[in-house]
Number of protein chains: 2
Amino acid sequence: MKYPQLYQQFSQWTNIPTDQWSMFESKLMERIFSKGEYFLQAGDKVLEFGIILNGIFRLYYTDKNGKEHIKTFRKNGDLLGAYAEMLMNIPSRTYIQAMESSKIILINKDDFYPFYTKHVCWQILGRIAAERHFLSKEQREFEFLQLDVIERYQKFCDEFDCLIGKIPQHQIASYLGVTPVALSRVLSRSRKVK
Amino acid sequence: MKYPQLYQQFSQWTNIPTDQWSMFESKLMERIFSKGEYFLQAGDKVLEFGIILNGIFRLYYTDKNGKEHIKTFRKNGDLLGAYAEMLMNIPSRTYIQAMESSKIILINKDDFYPFYTKHVCWQILGRIAAERHFLSKEQREFEFLQLDVIERYQKFCDEFDCLIGKIPQHQIASYLGVTPVALSRVLSRSRKVK
DNA sequence: TTTAGTCATTAACCAGTGTTAATGATGGTA
DNA sequence: TACCATCATTAACACTGGTTAATGACTAAA
């Protein structure tokens, strides 16, 4: 078994027969991304997805004015890819960029899909992955509807604590849906209060 | 077959053997909701979910100040329930209220879950339901990050066209993440431009 | 018909944000 | 060292959105 850690992670969700796992592992590839390198850019065909062994990536898109909007960050153990575009079978609208030297496991979409019909465990994993993606977006919707900037920042610190310091503040601002100037003001205000 | 229309809808996603379908149908119940009646309120145990035959529901939660925030609206053919809370197995944080007289099909969560192990088609349906829920949230995230109020309003009109006139404008404002006053101003401004 | 309730609109005021620009700090590179 | 790029901070200004309150339209109930 090449990736016992990954097997552990998947086995949390459902039992995977060892023969299924070894077939799956045979399709996996490793790849290193250096800081700043892109896993995917807007317009690219979505041919594969990954699982992060170590490192940090940011996912963002650009609007009609060329401004970047950060959707989320991904770290150890997270799935990596343009998930929505893969489901819709359209070219990527998302840029996915390594924020530090990162190591990931890759699998081709076309190598993975056949597993769905080989064993029910892959359907279960697919369902749980979708459910977890949904839950994180539901949480984000909650934050946009109910929380102001400073509260959203605090939530960000809770969720991505290990990333503070590794992510420039203006990118956190973009994730929170405000400008770097606005976030800086808010943080400065909250420091004065304390 | 009691609900051929529902069978049709599910069959779009995957083939369902007739014996599976009749077992499934035997668990279904019908229920009518009159205007204003609640399918679910915050604090309720999430015991069941539904599929809307006809009518409109709104899903919202309240914040610490008692203000309502509308998450979405649901109409014919949509799944109805506190999906996130069901996945997390926690009490509902969501209020689900009929906006007009509505008819739905109900199934108990505990009656449905066993189907996951009876046939793979239910896993596939579960996965696709989760994927579709995810995609709609991803779309909503896009709108919050990239669009201003008037653009979000236009998107709303595209997505829920049949509901315009049936939904009070202040509830649309809540869905868009602004106050009724702000939405009214924005619409009045955009009317003048034309 | 009268009354009460819901809702959209508008005005006035204020807090917060976007924008632009200037400043200073930091870190990497020639 | 000097130079460059990146980034956080702050100021000034315009504008948007939140809040409150008043008004009028409409509907349903008494």
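Note on naming: letters A, B, ... go to the chains in the order of the sequence lines (proteins, then strands), and numbering restarts at 1 for each one. Predicted model only: the values in this text are computed from it and were never measured.
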Please state how far atom [atom1] in [X] lies from atom [atom2] in [N], giving the value in whole angstrom units.
X: A:I150; N: C:dA15; atom1: CD1; atom2: P; answer: 19 Å
X: B:R185; N: D:dT19; atom1: CZ; atom2: C1'; answer: 9 Å
X: B:M99; N: C:dT6; atom1: CE; atom2: P; answer: 14 Å
X: B:Y153; N: D:dG17; atom1: OH; atom2: P; answer: 15 Å
X: A:Q169; N: D:dA8; atom1: CD; atom2: P; answer: 5 Å
X: A:I172; N: D:dC7; atom1: CD1; atom2: C1'; answer: 12 Å
X: B:E68; N: C:dT6; atom1: CD; atom2: C1'; answer: 13 Å
X: A:L183; N: C:dT17; atom1: CG; atom2: C1'; answer: 12 Å

Requested in this report: Identify which nucleotide among D:dT10, C:dT17, D:dG17 has an atom closest to any side-chain atom of A:S188, counting heavy atoms from C-beta outward.
Outcome: D:dT10
Requested in this report: Could you check which of D:dG18, D:dA8, C:dT17 has an atom nearest any side-chain atom of A:H170?
Outcome: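 Taking heavy atoms from C-beta onward, the closest nucleotide is D:dA8.
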Query raised in the report: Would you call B:R127 and B:E131 a salt bridge, using N to O less than 4.0 angstrom?
Result: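 Judged by the 4.0 Å cut-off on N to carboxylate O distance, B:R127 and B:E131 do form a salt bridge.
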Requested in this report: Run the salt-bridge test on A:R31 and A:E37 with the 4.0 Å N-O cut-off and return the result as yes or no.
Outcome: yes
**Report entry** Side-chain N,O (B:T179) to OP1/OP2 (D:dG18) below 4.0 Å
**Finding:**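 Yes, because at least one side-chain N or O of B:T179 sits under 4.0 Å from OP1 or OP2 of D:dG18.
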Query raised in the report: Under 4.0 Å between a side-chain N/O of B:K67 and OP1 or OP2 of D:dT19, yes or no?
Result: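 Checking D:dT19 against B:K67, a side-chain N or O does come within under 4.0 Å of OP1 or OP2.
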Query raised in the report: Parallel, tilted or perpendicular: which describes the rings of B:Y116 and B:F112, with under 30° parallel and over 60° perpendicular?
Result: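 Plane angle over 60°, so perpendicular.
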Requested in this report: Could you label the plane-to-plane angle of the B:F156 and B:F73 rings as parallel, tilted or perpendicular, counting under 30° as parallel and over 60° as perpendicular?
Outcome: perpendicular
**Report entry** A:P180 vs B:V181, nearer the 5' end of DNA chain C by closest nucleotide
**Finding:** B:V181
Report summary line: Exactly one candidate in A:Y60, A:F39, A:F57 meets side chain to side chain contact (heavy atoms under 4.5 Å, CB included) with A:Y95; the answer is A:Y60
Query - Bend angle of the helix from C:dT1-D:dA30 to C:dA30-D:dT1, end axes from five pairs each (to 10°) - result: 30°
Report task. Return the minimal non-hydrogen interatomic distance between A:V178 and A:R152, and the atom names on each side. Result -> CG1-NH2, 4.2 Å
Report task. For the pair B:Q9 (side chain) and B:G77 (backbone), establish whether a donor and an acceptor sit closer than 3.5 Å, ignoring hydrogens and angles. Result ->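 Flag set: sc B:Q9 to bb B:G77 pair under 3.5 Å.
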Query raised in the report: Ignoring hydrogens and angles, are the base of C:dG16 and the side chain of A:R189 linked by a donor-acceptor pair under 3.5 Å?
Result: no
**Report entry** Side-chain donor-acceptor contact under 3.5 Å, A:Q8 with A:Q12
**Finding:** no
Requested in this report: Do nucleotides 22-30 of chain C as a string where each nucleotide becomes B, S or -: B if the base has a protein heavy atom under 4.0 Å, S if just the sugar-phosphate does, - if no protein is that close.
Outcome: ---------
Query raised in the report: How long is the span from the CD atom in B:Q97 to the CZ atom in B:R58, to the nearest 0.5 Å?
Result: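 So the gap between those two atoms works out to 4.5 Å.
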